[in-house]
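To start, the structure itself, in structure tokens.
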Protein chains: 2
Amino acid sequence: MTSGCQKLPQPASVATVNGDHGKRPTIYDVAREAGVATSTVSRALAKPDRVNARTREHVLEVAKRLGYRTNPLARALPSGRTQTVALFVSDVTNPHFFGIIRGAEQQTRAAGCTLILGDTEESPDLESGNVERLSGSVDGFVIAASRMSDREIRELAGRHRLTLISRQVEGVPSAIVDHEDGTRQIIEHLASLGHTSVVYLAGPRRSWLAAKRWQVIRTTARQFGMSATRLGPFPPAVRGGAAAADAAFGHGATAAIAHNDLLAIGMLRRFAARGLRVPDDISVVGYDDIFGADFCSPPLTTLAGQFEEAGRLAVDLLLGSRDGHRRSRSASQVVLPSHLVIRDSTGPAPARQ
Amino acid sequence: MTSGCQKLPQPASVATVNGDHGKRPTIYDVAREAGVATSTVSRALAKPDRVNARTREHVLEVAKRLGYRTNPLARALPSGRTQTVALFVSDVTNPHFFGIIRGAEQQTRAAGCTLILGDTEESPDLESGNVERLSGSVDGFVIAASRMSDREIRELAGRHRLTLISRQVEGVPSAIVDHEDGTRQIIEHLASLGHTSVVYLAGPRRSWLAAKRWQVIRTTARQFGMSATRLGPFPPAVRGGAAAADAAFGHGATAAIAHNDLLAIGMLRRFAARGLRVPDDISVVGYDDIFGADFCSPPLTTLAGQFEEAGRLAVDLLLGSRDGHRRSRSASQVVLPSHLVIRDSTGPAPARQ
DNA sequence: TTGAAAGCGCTAACAG
DNA sequence: CTGTTAGCGCTTTCAA
């Protein structure tokens, strides 16, 4: 199973290009060439101000001449600091994570570190398994839309540096987009259009977001005198849309809130295929404002948020650049604003027949 | 600049959870506890068949009891093998790369390795810079849609293990989707619809694909008695579509081939905004069949390919699992089949006025 | 300010 | 089959 990574033929022309017998020069080579001790080379490279200016210049010059490149592994061994951060998402092909990935990548790079990306395929076991596997080669973890239980997360956070995206667990730093307030906005929007009955097409059973959203939909709907029903769970992907659409239609609601845009887009397609008009017959709302939400038919009303910023923040929290000073008792739980983007998939409730 | 990754506060309750003073047990701990030498522990872990069955059992049992986890850094230092592969894409937010990323991730994991993802932002310098930076922490590189020159790539391939996706360079292993034949299919399709004049909305100047495609469009169009014009370059993103659409319309062609689906979708939107009908007034074709190509308006005719497989293959080629035996003189250059997906954005050429 | 030397945790000869 | 002993390349006391 792990055999694939064993035999690695050398690059074709290694000897041709690299003069030094194909081996990278080490600080020993530099030290010898420069006539100083290895520790001096190490200092000149890592903490330039703790070395005489002239020797530093000299060492650096020699290092450059020899084409010296510091070996990150060797550097990491004593310190344990790998300058690497791992990001796990539940599905790399879900456009929802694009912004998160991009933001995390940017911030990681800005901090001089490297990002490792993992796909956990909606599986809590793959999440914890990956953490264990990479623990040791990574300085910390960012988990987006974790499917683990609060207990598992807290346990993991106790043993590893860990921050969360789109998930809140007490005592664990996190960055989320305000979907509670956002969900309220959705209900208000639907209420203002005269809808009195709404269904929520739920996401995965283990999704914390799905639970939270349903909770807010339920209580807010009640405030507005609307009936609310939860259907599902459905896979949070376009392919889940057919079943979701049929369920929503079967229920007879005039408005449907899908767990995410992928599901909503899938529903749109199914409605079209069945000859139902959106929003005339039924209104549809999604979450995330993903790529495509603006050009599907009809363009989707959806809750947008700063997910790229969430990615950046999560990395910041992990590396301590932002919350470093005020490390209060409770871990920082950042909530980013969200706003409802109203497009054409929502409209006035159809007149009661 | 690299300060962000320095100070890393320990996880909150490390002492609470971890009995051993918060330090991970090493093979020394296991060896002492098991009453054997460290080398025996090492063997029991790494090459189980080179150790007495009973001692192995014992060692493994002790290791588990102590919660031993092998330190990948320490393991990698002597061997230089990090069990890690880096994948660079020119833009992480381009859905085109989803399949590639997913395929590469899968195959890497299947080989017991870990994938590092990098965004090179369309910059050849970032590509080579990233390679240099990660060289040493990675066993090899996969670069998708490289913007480097052939010379640079060859030079890099000489010093590092490297495979390419969507790019062919002599002597460097690669996996591409057959866009030459695919482009031919596109032209044939347009010709069969009666189009006699086609424009190619070109991708980035440094894009090898863009150059290749134009070349095939040009020669094939001639064979079919069509006129072909290249316009651009345009940014290969939705936002590039407005300029591309205007240019295509201004040119007066009845068919437009966009460098990729992102650009094509952007064009579709611009045409709609300007009141032009697709395909009645102008036909539009894209490349990649990305997420969204099937539900934009109108759904896009585009060239589809097995990009996920390309991702898998590139990793395979890198790790040597597939081409290991037949390491012939010329590096393997795999070409995957492509096929034209005909949707509603192409139609009969408008009658000549 | 610089050098000598002892590791970081694991692997790989080389003996036994 | 198992133990001893060097390293891998870099950092880091501790002296000088």
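Just so we're on the same page: letters track the sequence lines, and every chain starts at 1.
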Base, sugar-phosphate alone, or nothing: which one does V41(A) contact when heavy atoms must sit under 4.0 Å apart?
nothing

Which residue lies toward the 5' end of DNA chain C, Y68(B) or A53(A), if each is placed at its nearest nucleotide?
A53(A)

How many Å lie between CG on L45(A) and P on dG9(D), as a whole number?
15 Å

Got a salt bridge between E155(B) and R159(B), using NZ or NE/NH1/NH2 to carboxylate O under 4.0 Å?
yes

Less than 4.5 Å apart, any side-chain heavy atom of R161(B) and any of D139(B)?
no

Does D49(A) come within less than 4.0 Å of R56(A), counting only side-chain N to carboxylate O?
no

For the pair R109(B) and E121(A), find out whether any cationic side-chain nitrogen is under 4.0 Å from an anionic carboxylate oxygen.
yes

Gap separating the OG1 atom of T163(A) from the CG atom of L313(A), nearest 0.5 angstrom:
9.5 Å

Please report the distance, rounded to the nearest Å, between NZ in K47(B) and P in dC1(D).
14 Å

If you measure from the Lys or Arg side-chain nitrogens to the Asp or Glu carboxylate oxygens, is any gap between R312(A) and E309(A) under 4.0 Å?
yes

5' to 3' contact window, DNA chain C with chain B (heavy-atom distance under 4.0 Å):
dG9(C) to dA13(C)

Any R75(A) side-chain N or O less than 4.0 Å from OP1/OP2 of dG9(D)
no

Considering heavy-atom distances to DNA chain C, does P78(B) or S39(B) have its closest nucleotide positioned more toward the 5' end?
P78(B)

Expressed as a whole number of angstroms, how long is the span from I27(B):CD1 to dG3(D):P?
13 Å

L73(A) CG to dT11(D) P, straight-line distance once rounded to whole Å:
13 Å

Atom pair distance, as rounded to whole Å: CG in D49(B) and C1' in dC1(D)
12 Å

In terms of side-chain heavy atoms of A74(A), which of dT2(D), dC14(D), dC10(D) is nearest?
dC10(D)

Counting only side-chain N and O atoms of S42(A), is one of them less than 4.0 Å from OP1 or OP2 of dC10(D)?
no

Return the 5'-most residue of the pair R43(B), A46(A) with respect to DNA chain D, ranking by each residue's nearest nucleotide.
R43(B)

Looking at D29(A) and R24(A), is there a salt bridge between them, counting it only when a charged N and a carboxylate O are closer than 4.0 Å?
no

